[in-house]
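Input: a single structure, listed below in structure tokens.
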Amino acid sequence: MFELERICLLCIFLSWNLVSGQIRYTIPEESAMGSVVGNIGKDLGLTLAEISNRNLRVSAEAGKQYFRVDVGKGELVVNDRIDREELCGESASCVLPIEVIAEAPLQLHRVVVEIQDINDNAPNFETKVFVLSIAEVTASGTRFPLESAQDPDVGSNALRSYTLNSNEYFSVNTKILKGGRKLPELVMSKALDREKQETHKLVLTAVDGGSPVRTGTVQITVKVLDTNDNAPQFDKQSYDISVLENVTSGTVVIGLKATDLDEGPNGEIQYFFGDQTPETILDIFNLNSETGLMTLKRKLDYESTSLYSIDLVAKDKGSPEMRGHSSIQISVVDVNDNAPDIVLKSLSSSMPENSPVGTVVGLISARDLDSSDNGKVSLRVLGDVPFTLKQSFENHYELVTSSLLDREKHIEYKVEISATDSGSPPLTTQKSFVFSIQDVNDNPPAFTQPIYTVYLEENSAAGKIVTSVSAVDPDTGENAKVSYSILDTKVNDVPISSYVYINSDNGSIYSMHSFDYENLKAFHIQVQASDNGRPSLSSNVTVHVFIVDQNDNAPTVIYPSGPMGSLSHQKIPRSAKSGHLVTKVTAVDADSGHNAWMSYKLAEATDESLFSVNVYTGEVRTRRAVSEEDDSAQTLLVEIRDNGVPAQSATATVSILLEDGIHEPVLDLRQKDPEPIRKNGRIAFYLILSLASVSVLSLVTCLILVVKCARSARRSSTCCMGRMDSDDFRARNLQLQLNTDGPIKYVEVLGGDMLSHSQSFRSCLSPLSEFSDFTLVKPSSTLDFKDMISVLDASLPDNAWTFESQQVRQSYNNYTFPLTTV
Ligand SMILES: *[C@@H]1O[C@H](CO)[C@@H](O)[C@H](O)[C@H]1NC(C)=O
Ligand SMILES: *[C@@H]1O[C@H](CO)[C@@H](O)[C@H](O)[C@H]1NC(C)=O
């Protein structure tokens, strides 16, 4: 049944379709609402009333109601927005079928509305900015497909073509694909260079065919991708620099700079030394590959290398890498950094002190590693040493002695040599060495005293040390070893070696027997000190030995003398007055000085009131006039004492006979004698005769004295006069010797031409005058008078005595005075 109904409906529809014909309208899309599509009432043959009665309407069966029937006017009008592109998309024709229904009777009419396209859409690119990267090496003519634009319009309103803003590198080509889609292609018409222009800004325009034309644009950015097409380039073809040799390690020598036009790794530069750079250079220079800073690894040395030539390479990091080349010349500038060096060649360490001036001590040379002025060296000897440098040829010197050497002044020298170069500032080196002087036996031993004087007591035991002499020798070693010896001289014809001997090691002189002053008053010893050098040197010194008298001799009565001793028989007249000279007792003492000073004393007398003895002269005189009562035989005992300690004495006995009326046998000396010279001479002659009994030698002396006296007497009235004026005294060249405070207390008056032996006489004329208290001595004929003076001078404690030109200026009185004081 249900099946049937459906078939029935289909039949009805078919019948309706048959009834009504097809109506077709055309409207443009996007027509306004209410726009009339067509008069459907009229086209269906219906009146306005019928339309309203029969409820003519558009079937609402399907979705959107784009159209409606305007009942009042019987027209089909637009009821909704009609977008062709929405309804039909890209299809070229767009037809909307609608059904219009009329009731009573029910009638269905088919109406077709064709929607016409209008250019209501512009071409459109989906992305507004399009970025394209193109490598710069890309060949020209290469095409790059771009995004196409969309235009939903159809037909002539659809997309028609693309255009590109004008530029020299690119153009656009519209490629029509199957199905009519239009694809833009970017065509590269010229090779790109990133280094010239990195990006290209293009505007692609899509144009449709509508009227008016609608367009859509897109920004195309073309980025040129870098290609390593540029090599790094150094800023100089070659570098030339100078570096002082004394710059410290780590110092930047130069900053290398290379440029690369490429970008990125292609433009990143690394610096290297050339592949063939030798190790020696790599040891010295460092090149920071990233910064290009060239630094020193260690100090330069002009003296080893003065110029470096190095190849340089700059590489970029592109692939493949590109290289740039350069080279650098580094001149090392000499700096005075090397002190001179002193080379001591064949240097003697010592030299004998007698080497002549100019003796070559050593060869010395100077070196300096620096060049030019920095290497010019001058040498000199520092300080005050007797050495100098003689240049033999450049930088070679001989060290020679500049003066005589004396080991005794300088045992050694510290020789300092300084070498200075001519750099600025100059550098100096010093070298020193010790130079010792070898001893040469050039100094004789020197005695510690120029002269030795010894006083030796007579009678002292043999084997006593007389004195010690000492000599020093400033030389060294054997040259300074001194040995002593006594030179062979003679004393009284006896070799000195029998008197004394010397300890040859230390100079002590020993006596070999005791000395007797009365035999030997003085002698001298010549001592020689010799060193052990080869040849040996020696020096002499004189030791004066004075034998000091001791009172070992008693006075000896020489008058009166007789066979039974000193007994004299004198006769005086009874008429003799007071002061009558009876006799004169004369004695001598072999000692000297005080020991020989004698005093006379009346020890015993028959009548002490009658006679007196002069204490000094020994004259026996009457004290009073002789009277008749006096015994005719008188005996006197005269004691003669010397002044020694202890004193020694002798006695003389004088027998006197008082006679009446006899002739006076003895002359009174105080009476004026008409011929005093003859008388004096005669008395002196007697005295000489008596002295001759003591010593033959004394006789000779006295003879000479007598001659002298006789000569002088011709001018002055007395011989050996006590008070000679000093001028006269000097003229006679008499020499005085006094020792006031020394061990010997006596004065010696020396005749200049006296030749007598060392014997002293107590006043040759002593019996004649109370002023003749002189001891005349000639110490030794071998002793020079000048020596004697100097000995005395040296031994005198005060300078009361001045001897000039062997002449005594002292007044005679000055001598006599202490002598007469017994
Ligand atoms: C010298 O030597 C002797 C013996 O050895 C000695 O008795 C004497 O005192 C010495 N003399 C000196 C000055 O030393
Ligand atoms: C020392 O005396 C001796 C003998 O008189 C002599 O030969 C010698 O030359 C003298 N030496 C000196 C240095 O005077």
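Just follow the structure's listing: the first ligand is 1, and inside any ligand the first atom is 1.
- Scanning all protein heavy atoms for the shortest distance to atom 1 (C) of ligand 1 gives Asn506 ND2, 1.3 Å.
- Within ligand 1, counting atoms from 1 as listed, the ones closer than 4.0 Å to a heavy atom of Tyr510 are 3 (C), 6 (C), 7 (O), 8 (C).
- Counting the atoms of ligand 1 from 1 in the order shown, those under 4.0 Å from a heavy atom of Ser468 are 13 (C).
- Those atoms of ligand 2 with a heavy atom of Ser538 less than 4.0 angstrom away are 13 (C).
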Worked check of side-chain contact (heavy atoms from CB on, under 4.5 Å) between His544 and Val454: CA-CA 6 Å; His544 294 280; Val454 186; over 6 Å; no

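- Atom CZ of Arg407 is separated from atom CG of Asp439 by 4.0 Å, given to the nearest 0.5 angstrom.
- Close contacts of ligand 2 with Leu487, meaning ligand atoms under 4.0 Å from a residue heavy atom, involve 1 (C), 2 (O), 3 (C), 4 (C).
- Below 30°, between 30° and 60°, or above 60°: for Phe387 and Phe435 the angle between ring planes is above 60°, a perpendicular geometry.
- A distance of 11.0 Å separates CG in Asn459 from CZ in Phe515, rounded to the nearest 0.5 Å.
- By the neighbour-count criterion of 12 heavy atoms within 6.0 Å, atom CD1 of Ile411 is sparsely surrounded, having that number or fewer from other residues, nucleotides or ligands.
- Counting only heavy atoms of the protein, atom 9 (O) of ligand 1 lies nearest to Ile465 CD1, 4.2 Å.
- Across the listed options Leu537, Val541, Asn540, Asn540 owns the non-hydrogen atom lying nearest to atom 8 (C) of ligand 2.
- At a threshold of 4.0 Å, the pair Lys481-Asp531 does not count as salt-bridged, since none of the basic side-chain nitrogens sits closer than that to a carboxylate oxygen.
- The distance criterion of under 3.5 Å between nitrogen or oxygen atoms is met by Ser508 with respect to ligand 1.
- In terms of protein heavy atoms, atom 5 (O) of ligand 1 is closest to Asn503 ND2, 4.4 Å.
- The pair Glu639-Arg641 meets the salt-bridge criterion, with a side-chain N (NZ, NE, NH1 or NH2) lying under 4.0 Å from an Asp/Glu carboxylate O.
- The shortest N or O to N or O distance between Ser539 and ligand 2 is not under 3.5 Å.
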